[in-house]
S.K.: 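There's a structure below that I have some questions on.
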Amino acid sequence: MTFMLRNFLFTTTIILGYSTVILHPQVRATPIPPPKVLVSRAFNSSDPYANWPTYDELPLHPSFPTKAAWGVWGPDDEFGALNHIRPATIRAAKDEIKEGIAINLNLELDIPNPPLVPTRPAIVHAFIPFEGYQDDVLTLNTQVSTQFDGLRHYPYSTNGSRDTYQFYNDLITFDDIFSPGASVKTLGIQNAAQKGIAGRGVLLDWAGWKESRNETFDVFSPTAITASELDQVAIWQGLDPSNFTKPGDWLIFRTAFIKQYLALPISEQEQLPFKADAAYIGLEASEDTLRWVWEKKISMLGSDNLAVEKFPVGAVILGHTRALHEIFISGWGQSLVELLNLEALAEKCHELNRFSFFFTLQDLNVAGGIASPPNAMAIF
Ligand SMILES: *[C@@H]1O[C@H](CO)[C@@H](O)[C@H](O)[C@H]1NC(C)=O
Ligand SMILES: *[C@@H]1O[C@H](CO)[C@@H](O)[C@H](O)[C@H]1NC(C)=O
Ligand SMILES: *[C@@H]1O[C@H](CO)[C@@H](O)[C@H](O)[C@H]1NC(C)=O
Ligand SMILES: *[C@@H]1O[C@H](CO)[C@@H](O)[C@H](O)[C@H]1NC(C)=O
């Protein structure tokens, strides 16, 4: 594979009266940040997978964080894995619409309540009566109910320290989001909203597979779902693990977390977030998982559990403590869609014995936004 190296000249220009003095870095009094090394894949938009790096070839430069795919879609790219969605993938996905059945994948926005992470407040829904009409106002933490995580949500960091944050393609810093008057909208969820997200979705019903084997599992514990289990789920569903996804697919797996959560007595739903050892089922944080996902060239990953990956998050990967969130979102620009309501979808898939469908997803068009309800739908 070939890489393009872009070099940047770092100079400072000071205007003194009518004369301009150029100070070269070596004579500057204050230290300059290290030059950003921008290595990117040489690619051709009409042949998007020419020079496509294998998992083992990530990252493209050793200065990039763990397994980052920075530069794979160009150094300034803000779409990340959504680039896998192309006119051809949307056109091909229309063949999934056969029965004319549309299924909502979103929870009501006040579920779960109380929120599973206690630092996040529940939605506030206010009604405003006017003369002859009424409005309502939502105050919403986008991480509480069904959610699409955008590329500002979860940077790489070494120890949670803001000065170590690294976002997708190194395009923004913490201050670009939070400093007073910050006007940079880079990596905001408006990108996804304006791109148009649709195509083929695939469901792996991990919970249904476990039940078919009479195996019990605890969604309220850090149960780790492995890539090899997901391959076995595919086989159980009659799919071939080597090719059940296509580039651009939205891959979704079902843990039955929402089903079991909604079946809890209200008193237990109320206590769950405050348990000292609160823990939830999800994907194993490991290189096996990363390799399995990378090779599929999917646009997004979705599930019905809290964090896609198991919670609490984090495992040592290649010498660093990493959450899958860091690598998926800030490494690959690959959004996670969490707390989906997959019950009706799974039922329909089993009834039709078909686990792929057309989907649409429309996040909120909020400039600089961090996450959003996905407003996602599956269509058979
Ligand atoms: C890009 O790929 C297309 C299709 O493979 C090919 O026809 C074209 O010559 C390529 N362009 C460049 C600049 O390599
Ligand atoms: C986190 O790591 C950075 C970089 O190594 C270091 O500067 C900072 O002091 C660390 N912060 C904490 C709270 O350990
Ligand atoms: C699961 O349990 C049911 C009811 O006991 C039994 O009929 C079935 O054969 C079991 N399936 C497996 C795969 O063990
Ligand atoms: C998937 O691979 C298997 C085995 O190589 C092949 O028989 C099958 O036709 C392939 N299916 C698709 C949809 O490409």
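Both counts, for ligands and for their atoms, begin at 1 and track the order of listing.
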S.K.: Show the atoms of ligand 2 that are less than 4.0 angstrom away from any heavy atom in Thr164.
M.R.: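 By the 4.0 Å cutoff, the relevant atoms are 2 (O), 3 (C), 4 (C).
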S.K.: Quick one: does any side-chain atom of Arg354 pair with a main-chain N or O of Glu96 as donor and acceptor, under 3.5 Å?
M.R.: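 Indeed, once roles are kept as given, a pair shorter than 3.5 Å links the two residues.
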S.K.: Is a side-chain N or O of Glu309 found less than 3.5 angstrom from the main chain of Leu324, in a donor-acceptor match?
M.R.: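 Yes, Glu309 side chain to Leu324 backbone: donor-acceptor pair under 3.5 Å.
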S.K.: Taking distance alone, with no angle check, do Arg213 and ligand 3 share an N/O pair under 3.5 Å?
M.R.: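 Not met; the criterion fails.
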S.K.: Considering heavy atoms of the protein only, find what lies nearest to atom 3 (C) of ligand 4 and give residue, atom and distance to 0.1 Å.
M.R.: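 For atom 3 (C) of ligand 4, the nearest protein heavy atom is Asp240 OD2, 3.0 Å.
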S.K.: Which atoms of ligand 4 sit under 4.0 Å from any heavy atom of Asn243?
M.R.: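 Answer for ligand 4: 1 (C), 2 (O), 3 (C), 8 (C), 10 (C), 11 (N), 12 (C), 14 (O).
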S.K.: Just by distance, with hydrogens left out, do Ser286 and Asp288 show a side-chain donor and acceptor under 3.5 Å apart?
M.R.: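 No, Asp288 and Ser286 have no side-chain donor paired with an acceptor closer than 3.5 Å.
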S.K.: Of all the atoms in ligand 2, which lie at a distance below 4.0 Å from a heavy atom belonging to Thr158?
M.R.: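 Counting from 1, the qualifying ligand atoms are 2 (O).
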S.K.: Judged by modelled atom types alone, do Asn191 and Glu78 share a side-chain donor-acceptor pair under 3.5 Å?
M.R.: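 A pair is found: one side chain offers a donor N or O, the other an acceptor, under 3.5 Å apart.
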S.K.: Using a 3.5 Å distance criterion without hydrogens, assess whether the side chain of Asn51 forms a donor-acceptor pair with backbone atoms of Ala42.
M.R.: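 Confirmed, Asn51 side chain pairs with Ala42 backbone.
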S.K.: Can you find a protein heavy atom closer to atom 5 (O) of ligand 3 than 4.0 Å?
M.R.: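 So far as the 4.0 Å threshold goes, atom 5 (O) of ligand 3 is out of reach of every protein heavy atom.
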S.K.: Is the closest N or O pair between Asn159 and ligand 2 shorter than 3.5 Å?
M.R.: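 Looking only at distances, the answer is yes, because the N/O contact criterion of under 3.5 Å is met.
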S.K.: Would you say atom 9 (O) of ligand 3 touches the protein, meaning some protein heavy atom is under 4.0 Å from it?
M.R.: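 No.
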S.K.: Which residue supplies the protein heavy atom nearest to atom 7 (O) of ligand 2, what is that atom called, and how far is it?
M.R.: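 Checked against all protein heavy atoms, atom 7 (O) of ligand 2 sits closest to Asp163 OD2, 4.3 Å.
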S.K.: Could you go through the ring-ring contact (aromatic ring centres under 6.0 Å, His included) check for His84 and Tyr49 one step at a time?
M.R.: CA-CA 10 Å; His84 291 298; Tyr49 299 121; 5.6 Å; yes
S.K.: Which residue supplies the protein heavy atom nearest to atom 2 (O) of ligand 3, what is that atom called, and how far is it?
M.R.: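 The answer is Asn214 ND2, 2.3 Å.
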S.K.: Assess whether atom CD of Glu215 is packed by more than 12 heavy atoms of other residues, nucleotides or ligands within 6.0 Å.
M.R.: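 Atom CD in Glu215 is packed in, count exceeds 12.
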S.K.: Any protein heavy atom sitting closer than 4.0 Å to atom 14 (O) of ligand 3?
M.R.: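 Answer yes: something from the protein, a heavy atom, is under 4.0 Å.
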S.K.: Is it true that Trp206 and Glu229 share a donor-acceptor pair across their side chains at a distance under 3.5 Å?
M.R.: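 There is such a pair (donor and acceptor under 3.5 Å, judged by atom type) between the side chains of Glu229 and Trp206.
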S.K.: For ligand 3, which atoms have a heavy atom of Ser212 less than 4.0 angstrom away?
M.R.: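 Atoms satisfying the 4.0 Å criterion: 13 (C).
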